[in-house]
Structures are given as structure tokens and as C-alpha cells.
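The block underneath contains the structure these notes are about, expressed in C-alpha cells.
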Amino acid sequence: MLNLFLSASIFLCFATLFPVLAQLLPDSQALVLNELEHLYLDNSGPGSIKSTITPCTNYVDSTTGLNNNTLGRQTTAQWIRTAFHDFVTADVAAGTGGIDASIGFETHRPENVGAAFNDSLFVFAFSISAKASMADLIALGTAMAIGTCGGPPIPLRGGRIDATVAGPSGVCQPETDLQTTLASFSSAGFNQADAIALTACGHTMGGVHYSTFPQIGRSLSIAVVTARVDENVATVPASAVGPNNLGGRIAFDDTVANFDIDVVQQYLSGTGNRGGALVTTTNKTVQSDLRLYESDNNVTIKSLGQSPAHFASTCASLISRMINTVPRGVSLTPAIDPRALKHANVTLNVDWSGHMTLSGFFRYIDIAGSPPAPNSFTVSLIARNGLVSSITTNAVGDLTTDTGNGVYGPTFQYPFTLDFPATTGLSGIAVGGQEFPLQDSLFVAPTLSSIEPGLAEYNILDPTHLFTFNITAALLSSHPPATLKVTFAIPVPQPGNMSPRIDYSTTAELFLIGQAGPFALFSAIIEQNMTSLQLFGASVDIEDESTGTVAMFFRLFSILQFF
């Protein structure tokens with residue numbers, strides 16, 4: 001069951017994976033990429049996005065927040081369907097639509113029938129933040145569903161911007177004629193061959209549900225399918241409904257948990273599920289997959305079925321294009337590079353005596369053909385003056401457990417902690433001949449901060465609390481200002497949409513309270529009404545308005561692991 005959303009003790013495991021990030025260089029796009037990369041590559045175990053789709057047949061019910069595998073639904077297939085419905089109403093010539101999360105405002109439309117969209121947004125909402133838009137999470141969910149369930153790795157970029165209103169209608173339905181279907185794909189930038197292949201790629205998992213599409217015809221015998229006889233039967237058979245398939249799913253192929261070529265090969269050979277109910281239905285009006293596949297005399301579908309490797313590479317290319325279709329003016333980050341050694345969850349602290357601590361972990365993915373994961377890394381401090389300090393630590397990894405999502409290969413984390421005086425300071429760390437710039441100009445000190453109510457009382461689905469925040473920040477300054485500005489980024493509900501938006505209207509001031517070595521310390525007690533879920537996604541930016549120095553994207557929930 002998905003009680004990981006309900007337990008504070010389990011959620012602490014998830015919280016420790018979130019980067020505090022105040023010490024990272026204040027490049028907003030870099031922070032977006034870092035957050036998306038972190039969610040995509042580092043999450044594993046209780047509380048992770050991946051755990052909601054493990055196993056790949058799993059279904060998360062948005063009405064309860066729990067797993068329910070009696071309905072014949074599948075979260076992985078829902079995530080892919082959500083991305084497609086969000087994308088396919090794009091008009092690339094006009095520069096509108098694509099992956100922009102407008103689907104959240106469109107779930108009432110007949111073209112978006114079913115629970116898939118709200119189910120998906122429900123799960124993604126637990127990861128939305130100032131640096132992870134719902135649109136980015138829709139793209140991430142698609143890449144994770146495919147990569148986790150045996151499909152090819154999908155290059156993932158960030159920076160999508162959420163729509164604030166519904167987009168145009170026009171998602172093709174089973175009844176949509178071929179000309180209209182191809183015109184819809186063309187408007188979104190996909191030609192006929194693209195449309196055929198993308199549909200097959202999207203239908204390698206999941207199926208058609210009696211409860212959602214009763215107009216889809218029942219499956220025919222192999223002989224009738226071959227003859228393409230229309231018998232005008234207009235129901236998915238009620239016999240599909242059973243104790244473990246209450247929704248009456250008819251799967252597209254008989255390997256419903258795998259992203260694989262079977263949907264194509266079973267269609268071409270007339271075996272297994274023969275491409276699913278949108279092919280085998282006796283109701284010609286809703287034979288949407290059959291119409292599309294046959295529209296070029298099966299040339300594209302036969303090419304797609306030539307080998308699993310060709311199927312995988314074609315699907316990876318098309319799905320990448322799909323999730324990277326965004327409105328004009330949206331600038332996407334470079335794709336995540338899984339080959340690089342990266343640091344994550346990096347946390348900087350200072351105490352009143354001027355003692356500093358930098359902790360976090362390094363990620364190494366054991367990609368096929370790359371050197372095997374080492375037993376350890378040596379991490380060295382780069383002092384504020386730019387010199388590599390003698391302060392080093394041995395970052396020891398866990399080489400027995402995959403601590404990432406496994407899309408690119410076994411993933412290992414190497415935790416480290418560096419202790420050093422505030423007079424030495426920090427401008428980066430060095431590992432294996434690489435240098436990673438960091439900064440200590442301005443940061444929130446988690447060990448000097450607190451939240452009430454604390455972790456023991458925390459429940460992710462609790463209603464609104466009056467939270468009391470004691471936020472303490474450190475500014476490297478010999479002539480500090482009297483105050484620092486705090487800007488809260490809080491996920492807030494949107495009417496008619498399961499997806500929250502980020503609200504930046506709440507601001508406050510931190511006041512100078514003392515000195516710790518070269519750092520001026522600022523603090524304030526700030527009260528704010530919010531739900532536990534809002535706290536989970538909330539962050540603050542701290543700014544010295546006199547100089548423009550900014551510490552960006554400090555996750556407030558991170559304080560709970562120190563408090």
C-alpha cells in the first residue's frame with residue numbers, strides 16, 4: 001500500500017534525499033536541472049517516485065492514496081497516457097501547447113475520460129516545488145515509467161512551465177476518423193509514420209477498460225481479425241470484469257508490465273492480444289489503432305517490429321520529442337548526463353562557535369561499458385581562498401544495493417562529511433580530479449533552525465496547521481545589513497485541478513542576531529498556515545537586498561531532519 005505518503009517516519013527517508021541547495025551557485029536553471037536529476041536518478045526505497053510503480057503492474061488510487069491492484073489499472077500506463085494527452089493538442093506552428101500541465105484543467109472533458117490524469121497528478125503533486133514544475137514531473141514520470149519497466153532510457157530535460165488555464169481541446173478519441181487523427185498529430189509536429197509508431201510505443205503497456213470505454217468492441221477470433229469483418233458489437237465484454245480486474249481491462253498485449261515490442265509483434269502475427277481492443281474490436285467506428293496502423297498498409301508498423309532494438313530506439317526518439325514539445329519561449333535545460341559523478345543532498349551548516357560542516361553524497365551510476373563503481377572516493381575541501389585544503393574525508397559507497405532508479409544501471413551513493421573552521425570557508429569540493437563549485441556567501445543553517453509542530457507530529461495528509469518556523473541564515477559579511485528578505489514558495493491548490501501552483505506572495509524579514517566567526521547570523525520566528533503537504537513542497541529564498549546576494553531554494557522540510 002502507498003502508506004509511504006502517510007507516515008512521517010517513512011517520509012524522513014524521502015526527505016533526506018532532498019537537496020538543501022542554499023550553498024549552490026544561484027543559477028535558477030541549474031537548480032531546476034539539479035532537482036529534476038535528483039528526483040529521477042536518486043530516488044529509491046520507501047517514499048520515492050519509483051516505489052509507486054514497483055512492480056510495474058502497480059496502481060495508486062488517488063481517491064485513497066493507497067495501492068489498489070484489483071481494478072485492472074496500471075500507474076505506469078497512466079503516466080504515459082497523461083503525457084500524451086497533455087502533448088497532443090500542441091500547435092507547433094503557433095508555438096502553443098505541448099507538455100505544459102494544462103491537462104490538469106482539462107480532466108472534465110470527454111476526450112480525457114478516466115482516472116489516469118488525476119491519479120498521475122496526485123502522485124506528482126508530492127514532488128512539485130519551486131524548481132520542479134508539474135510539467136517537468138509529467139515528463140519525468142513518462143521517462144521513469146518507460147525506463148523502470150524494461151524500456152530504453154529517455155534523455156530528460158527540465159525547465160517546462162506550467163500552464164495557468166486549460167488548453168484547446170482536440171485529443172483524438174477511439175471514434176476519431178483517420179484524417180482528423182493525422183491532422184492532430186501533424187499540428188503537434190508528428191507526421192504519419194511518427195503518429196503510427198508513437199501510438200504503438202504508448203500502447204505497449206496498459207489497455208482498454210470496460211468501465212471507461214464500453215463502446216469498444218469485444219475481441220474477435222484470429223480468423224475474423226484477419227478478415228476484418230464488422231459485426232457491429234459495441235461492448236467490451238463484461239466477462240473481462242473479475243475480482244482482480246474490476247475495471248475490466250483488456251490489455252494491449254500479454255506482457256502488460258513490460259515496455260517491449262510485443263504489442264507490435266502480436267498485432268502483426270495475430271497472436272496473443274493481437275494489438276489490443278482498439279485493433280480487434282468489432283465496432284469499426286472505434287478501431288482507432290487499426291485505422292492508424294493500416295493507413296500506410298502497415299509499412300511503419302512492420303518496420304517498427306523488425307527487432308526489439310529498433311523498437312526501443314524508435315520509441316526513445318519519439319517519446320523524447322513528445323516530452324520536449326513545449327510552448328514557444330520555454331527554454332529547456334540540457335539533458336541529464338547520467339555518466340557524470342554528481343553531488344546531491346549537499347547541506348552546509350555553521351554553529352555559534354564558527355565551526356562549519358558540509359555533508360551530502362556523491363552519485364555514481366555503473367553504466368554498461370563504464371569503469372565499475374569504486375569502493376570509495378576522497379573528497380577534499382576547496383577553501384574560500386581557492387586553495388585545496390588538507391581537510392579531506394573518505395566517501396564510502398554502498399556497493400551491494402542499487403540506491404537509484406536503475407534506469408541507466410546500478411546506482412551507488414557515497415556519503416561524506418567535511419568539518420572545517422568558518423575562517424577557512426568554502427568555495428567548492430574536489431573529487432577524483434574534478435572540482436565542484438559551491439559557496440558560503442549566504443545560506444540557511446538547518447541546525448540553527450526549527451519547525452513546530454515537529455517530525456513526530458508530521459503526517460503528509462494532515463489538514464492545515466499553524467506552523468512556527470525559526471529560520472536562521474548565515475551571511476558572510478563584516479558590515480551586515482539589519483535584515484535579510486525571505487520569500488516563501490508554497491504549493492497552493494488550484495480550483496478544478498489536482499496540481500498545485502507555486503505561490504510567492506508570502507515574504508518576511510530575518511533580523512541580525514549576532515556573529516559566528518566571519519558570518520553574521522540572522523533569524524526570525526515566522527508563523528504560517530499550511531497543510532503538511534504544502535510544507536513538504538515549500539521552500540524559501542533568502543536575499544541580502546543591499547548587495548543582491550541570494551540563497552535560493554532552501555527546502556523547509558529539510559529542517560525536520562535536523563530538528
Side-chain angles (χ1 to χ4, degrees), residues 77 80-81 84-85 87-88 111 146 151 171-208 213 215-231 233 236 249-256 258-319 321-322:
I80 296 169
R81 184 174 181 229
F84 176 77
H85 280 235
F87 143 81
V88 78
E111 65 193 41
I146 293 169
V171 178
C172 296
Q173 301 179 69
E175 298 85 355
T176 304
D177 63 82
L178 178 63
Q179 183 178 1
T180 302
T181 297
L182 293 177
S184 176
F185 274 96
S186 178
S187 179
F190 281 55
N191 63 25
Q192 181 181 13
D194 297 335
I196 294 168
L198 182 64
T199 299
C201 295
H203 285 173
T204 182
M205 294 192 294
V208 179
F213 293 102
Q215 75 273 33
I216 307 297
R218 70 171 178 239
S219 299
L220 305 175
S221 69
I222 295 177
V224 174
V225 171
T226 303
R228 308 304 185 200
V229 174
D230 175 23
E231 294 181 353
V233 178
V236 172
R249 180 179 64 188
I250 305 295
F252 291 116
D253 65 27
D254 56 12
T255 54
V256 69
N258 299 327
F259 191 95
D260 58 25
I261 198 174
D262 287 3
V263 68
V264 173
Q265 293 186 334
Q266 290 178 12
Y267 164 78
L268 292 171
S269 65
T271 60
N273 289 14
R274 305 185 298 281
L278 297 176
V279 169
T280 61
T281 173
T282 58
N283 181 356
K284 271 191 172 181
T285 305
V286 292
Q287 288 177 330
S288 54
D289 282 6
L290 179 61
R291 279 194 298 274
L292 192 56
Y293 295 164
E294 288 188 335
S295 66
D296 68 351
N297 296 315
N298 288 314
V299 170
T300 297
I301 208 76
K302 287 178 180 177
S303 174
L304 194 63
Q306 65 185 263
S307 72
H310 180 68
F311 177 84
S313 63
T314 301
C315 290
S317 175
L318 291 171
I319 290 167
R321 284 174 54 197
M322 179 182 78

Taking the side chain from [X] and the backbone from [Y], do they hold a donor-acceptor pair closer than 3.5 Å?
X    : Y    : result
R291 : T181 : no
N191 : A193 : yes
S187 : S184 : no
N297 : V299 : no
Q266 : V263 : no

[X] versus [Y], closest heavy-atom pair with distance:
X    : Y    : answer
H85  : E111 : CE1-O, 3.2 Å
V88  : A188 : O-CB, 4.0 Å
H310 : S313 : O-OG, 3.1 Å
L318 : A197 : CD1-CB, 3.4 Å
L178 : S295 : CD2-CB, 3.6 Å
A200 : I301 : CB-CD1, 3.8 Å

Just verifying a value: how many Å separate [X] [atom1] and [Y] [atom2], rounded to the nearest 0.5 Å?
X    : Y    : atom1 : atom2 : result
T281 : D289 : OG1   : CG    : 11.0 Å
I80  : C201 : CD1   : SG    : 9.5 Å
L304 : C315 : CG    : SG    : 5.5 Å
S288 : D177 : OG    : CG    : 11.5 Å
N273 : T280 : CG    : OG1   : 8.0 Å
L292 : L182 : CG    : CG    : 6.0 Å

* Asked: Have Q192 and D296 got a donor and an acceptor in their side chains that come within less than 3.5 Å?
  -> no
Would a 4.5 Å heavy-atom cut-off, applied to side chains only, mark [X] and [Y] as touching?
X    : Y    : answer
K302 : L268 : yes
Q265 : F311 : no
M205 : N258 : no
H203 : L278 : yes
T204 : F252 : no
F259 : I319 : yes

* Asked: Are F185 and F87 close enough that their ring centres sit under 6.0 Å apart?
  -> no
* **Any residue meeting side chain to side chain contact (heavy atoms under 4.5 Å, CB included) with T285, in chain and number order, not counting sequence neighbours** => E175, N283
* To do: Go through N298 and Y267 one step at a time and tell me if the side chain to side chain donor-acceptor pair (under 3.5 Å) criterion holds.
  => CA-CA 10 Å; N298 288 314; Y267 164 78; 2.6 Å; yes
* Salt-bridge contact R274-D253 (side-chain N to carboxylate O under 4.0 Å) -> no
